[in-house]
Amino acid sequence: HTSLSARFLVIGGQGVLARRATTAFVDALRDGGERSVVVTPTLDRLGLDGLAAQVSRGEFVGAFLALDAREAVVVRSRLPAELSVFATSLVHAGGAEAELSARELEGVRFADMPWLLQPDHPAVMIYPRPTEAWSAEMQRLYALGIDAYRLALLWMNGQNTFELDGVTGTLRVDRNAQARVERIPALGIFRAGKV
């Protein structure tokens, strides 16, 4: 996946989910006619110095982080501030933890669900929030259950084609074409110390 003419850097983590996200980023870039350089740095001084050297050797226009929030905070500090940086929802820890890391993740764009990004969205506000302080992963699972139930009701009523403004994103279904749900997430950015 390496090339001197690569315009995009994909920085992957060690976990299973991070490896899957790395592969997805590389595949999507390749499908778009782009080459990428893939780096899986260790988060110690040696690994981070190697990452900084890799960045300085390339003429990258963007970086994709397949990292969780804590890893992303460490890596972001080694990337040029002007570099466009994108990530998955792994980078958004939710709640107070997201607010604590927001300054260090300045400018990072990511996809996540309205349940976590837009609590005042009309489609989100109508559902009760858990009374306990749940992690972002548990919040996502809860939101997935809400949308799964809503989809099941529509399917049971015989609807074959519909769009749903869900708490996990905009959901599109065309059962005549395929038995799958297309989910379009909300987009977030860390800016001025906030999500």
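Computation of the quantities below employed the complete heavy-atom set of this structure, encompassing side-chain atoms and omitting hydrogens, waters and symmetry-equivalent molecules.
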Using a 4.5 Å cut-off on heavy atoms from C-beta on, say whether the side chain of M113 contacts that of V167.
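Side-chain contact under 4.5 Å: no.
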
Determine whether [X] and [Y] fall in the same hydrophobic cluster, where Ile, Leu, Val, Met, Phe, Trp and Tyr are linked whenever their side-chain heavy atoms lie under 4.5 Å apart.
X    : Y    : result
V61  : L29  : yes
L79  : V39  : yes
L164 : L116 : no
V91  : L43  : yes
I126 : I146 : yes

Parallel, tilted or perpendicular: rings of F190 and H92 (30°, 60°):
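Rings of H92 and F190: perpendicular, as their planes differ by over 60°.
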
Is the side chain of [X] donor-acceptor paired with the backbone N or O of [Y] at a distance under 3.5 Å, no angle test?
X    : Y    : answer
D68  : R70  : yes
R76  : E106 : yes
E182 : V173 : no
R183 : T168 : yes

Stacked cation flag R140 on W134, 6.0 angstrom / 45 deg
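The answer is no, since R140 fails at least one limit relative to W134.
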
